[in-house]
Amino acid sequence: MPELPEVEVTRLSFAPAIAGAKVLDVRVGLPLRWPLGCEPGALLGRQVLQVRRRGKYLLIDLSTGLLLVHLGMSGSLRFGPPGLPAGKHDHFDLLTDRGLLRLHDPRRFGAVVYADSEQHAVAQKLLGHLGVEPLGDGFSAQMFADGLKKRQAPVKQVLLAGELVVGVGNIYASEALFLACIRPTTRSSRISKPRAARLHRAICDVLAQAVAQGGSSLRDFSNAQGQNGYFQLQANVYDRTGQACRVCAAPIKRLVQGQRSTFYCPLCQKP
DNA sequence: CCATATACCTGGCAGC
DNA sequence: TGCTGCCAGGTATATG
């Protein structure tokens, strides 16, 4: 479910409400992708200072240390009144004096990890290699073009790897490449500067638009208040195999790259 | 160092 | 109805 826009929409939907809250209780359910890394009880009494985002991670700053939250493939966060009984797939609760933050994650690819600081080993292992923020100042067409030039892998996989630019997941990678008219299989290093600039623009546009529309995502996304996205962003290619391209009417094709589905228009997108 | 495969886990769906 | 196989928004880690 969650690529950068969904994570950002989640953050925006509860960060103001939880800032300043005091941790009253912590409950862990079934194991998630990584262990919490501290005794749950050790967090009691700490204050939530703010919630930031790095790529697809949420960073919940505490008066001492921070929690790194990742939603994996199927995770979602809710922040609401306490007292609701935990369901089968609710695997982490942070009860505060301002409400209950709850991670719901059927597949358990998500995680909540405690770190003493962002520089700490655990945090660095997860965040240290991440590329630039696509919605931040560091993401220029110039650096993006330079980064693409240095890599040999197909451009789709360079985007997904998140070491050049973070937050572009499987859906938005296909969508951005469509908007830029670039085949997902094109070798990254062979993308000309003008085409790199076009892809840069497409990534910025598609992500910013998805955030603005409340985390578009094509299926069942809802923010931490339980509200759905507006579903205004309709996919041009993702999950549209065999359907007509909205631009040229050619049938959309599907292929597999690195064990992930990729969708593209064989006419609009050039190698 | 690089590129590709594997592992983690549950649920929804198409096809029989 | 129920079974089987495939597919799913991610990413650290192992392997070549």
Side-chain angles (χ1 to χ4, degrees), chain A residues 1-10 29-35 37 53-58 68-77 87-92 103-113 115 121-131 134 147-177 184-189 203 206-207 210-211 213-223 228-229 231 233-242 254-263:
Chain A
M1 174 212 305
E3 298 183 31
L4 182 146
E6 291 74 33
V7 176
E8 179 64 5
V9 166
T10 297
L30 292 175
L32 293 163
R33 170 134 197 208
W34 299 296
R53 181 186 54 73
R54 179 76 178 95
K56 297 169 191 166
Y57 289 88
L58 288 175
L68 312 188
V69 179
H70 198 287
L71 301 179
M73 293 277 260
S74 59
S76 59
L77 280 176
K88 184 180 173 188
H89 300 302
D90 296 330
H91 300 301
F92 183 85
L103 175 67
H104 177 88
D105 186 3
R107 291 179 73 181
R108 291 190 279 128
F109 290 172
V112 180
V113 175
V122 204
Q124 276 304 300
K125 185 183 75 178
L126 301 178
L127 307 176
H129 61 100
L130 294 184
L148 290 178
K149 269 275 169 277
K150 288 184 207 152
R151 297 166 215 248
Q152 298 303 307
V155 58
K156 160 84 173 341
Q157 281 162 273
V158 170
L159 295 182
L160 278 191
E163 295 180 353
L164 177 53
V165 57
V166 291
V168 183
N170 207 38
I171 295 177
Y172 296 115
S174 281
E175 294 299 317
L177 287 164
T185 45
T186 305
R187 246 181 215 287
S188 183
S189 58
I203 290 168
V206 79
L207 295 180
V211 172
Q213 295 181 356
S216 73
S217 271
L218 317 143
R219 286 179 195 169
D220 51 3
F221 173 71
S222 64
N223 68 22
N228 287 342
F231 293 86
L233 244 205
Q234 55 175 353
N236 281 299
V237 289
Y238 185 81
D239 204 20
R240 297 196 65 234
T241 310
R254 171 186 184 268
L255 59 82
V256 174
Q257 294 177 287
Q259 287 77 245
R260 313 291 307 274
S261 289
T262 301
F263 304 86

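Here is how names work: the chains are called A, B, and so on, in the same order as the sequence lines, proteins then strands, and each is numbered from 1. The shown structure was predicted, so the numbers you read here are calculated from the model rather than taken from an experiment.
Contact annotation: Tyr238(A) reaches the phosphate of dG9(C) (side-chain N/O to OP1 or OP2, under 4.0 Å). Applying the 4.0 Å criterion to OP1 and OP2 of dG9(C), one finds that Lys56(A) has every side-chain N and O outside that range. Remark: Ser74(A) is not in phosphate contact with dC9(B), judged by side-chain N or O atoms under 4.0 Å from OP1 or OP2. OP1 or OP2 of dT11(C) has not a single side-chain nitrogen or oxygen of Lys125(A) nearer than 4.0 Å. For His129(A), a side-chain nitrogen or oxygen approaches OP1 or OP2 of dA12(C) to under 4.0 Å. Under 4.0 angstrom from either OP1 or OP2 of dG11(B) there lies at least one side-chain N or O belonging to His89(A). Between Arg260(A) and the phosphate of dG10(C), there is a side-chain N or O to OP1/OP2 separation shorter than 4.0 Å.
As rounded to whole Å, 15 Å separates atom C1' of dA5(B) from atom CG of Leu160(A). Between the P atom of dG10(C) and the CG atom of Leu32(A) lies a distance of 17 Å, rounded to the nearest Å. dC9(B) atom C1' lies 10 Å from atom CE of Met73(A), rounded to whole Å. Note: CG (Asp239(A)) to P (dA14(B)) measures 12 Å, nearest angstrom. Across the protein-nucleic acid pair, Arg187(A) atom CZ and dT4(B) atom C1' stand 14 Å apart, rounded to whole Å. Remark: P of dA12(C) and CD of Gln124(A) are 12 Å apart, rounded to the nearest angstrom. Look at NZ on Lys156(A): it is 16 Å from P on dA3(B), rounded to the nearest Å. Note: CZ (Phe263(A)) to P (dA8(C)) measures 6 Å, nearest angstrom.
Contacts of Leu126(A) with the nucleic acid, taken as non-hydrogen atoms under 4.0 Å apart, involve only primed sugar atoms and P, OP1 or OP2. Within the nucleic acid shown, Gly258(A) has no heavy atom closer than 4.0 Å to any nucleic acid atom. Within 4.0 Å (heavy atoms only), Gln259(A) reaches at least one base atom of the nucleic acid.
Counting heavy atoms from C-beta outward, Leu177(A) and Leu159(A) have side chains that approach closer than 4.5 Å. Residues Pro134(A) and Val166(A) are in side-chain contact: their nearest non-hydrogen atoms beyond the backbone lie under 4.5 Å apart. Between Ile203(A) and Tyr172(A), every side-chain heavy-atom pair lies at or beyond the 4.5 Å cut-off. Residues His70(A) and Val113(A) form no side-chain contact, since every pair of their non-hydrogen atoms from C-beta on lies 4.5 Å or further apart. Using a 4.5 Å heavy-atom threshold, the side chains of His91(A) and Arg108(A) count as touching. Side-chain contact between Thr185(A) and Lys156(A) is absent, with no heavy-atom pair separated by less than 4.5 Å.
Taking each heavy atom of Gly167(A) and Leu207(A) in turn, the nearest pair found is O-CD2, 4.5 Å.
For Pro154(A), whose side chain is taken as the heavy atoms from C-beta onward, the closest listed nucleotide among dG9(C), dT4(B), dG11(B) is dT4(B). Listed nucleotides dT10(B), dT11(C), dC7(C) differ in distance to Tyr57(A); the shortest reach to its side chain belongs to dT11(C). Listed candidates were dG9(C), dA7(B), dT4(B). Nearest to the side chain of Arg33(A) is dA7(B). The listed nucleotides are dG9(C), dT10(B), dC7(C); the one nearest the side chain of Pro2(A) is dG9(C). Checking dA8(C), dA12(C), dG9(C) against every side-chain atom of Ser261(A), the shortest atom distance belongs to dA8(C). The nucleotide whose nearest atom lies closest to any side-chain atom of Lys88(A) is, among dA3(B), dT6(B), dG11(B), dG11(B).
Checking side-chain atoms of Glu175(A) against main-chain N and O of Val237(A) turns up a donor-acceptor pair under 3.5 Å.
In this structure, the aromatic ring of Phe109(A) is not positioned over the six-membered ring of the base of dC9(B) within 5.5 Å between centres and 30° between planes.
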Writing each nucleotide of DNA chain B 5' to 3' as (, ), [, ], | or . by Watson-Crick or G-U pairing under 3.5 Å yields .|||||||.|||||||
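Annotation for Arg54(A): atom CZ counts as buried by contact number, over 12 foreign heavy atoms lying within 6.0 Å.
Between dC6(C) and dT6(B), the two P atoms lie 15 Å apart (nearest whole Å). Going from the P atom of dC7(C) to that of dA5(B) covers 15 Å, rounded to whole Å.
Mapped onto DNA chain C by nearest heavy atom, Arg107(A) and Leu130(A) fall at different nucleotides, with Arg107(A) at the one closer to the 5' end.
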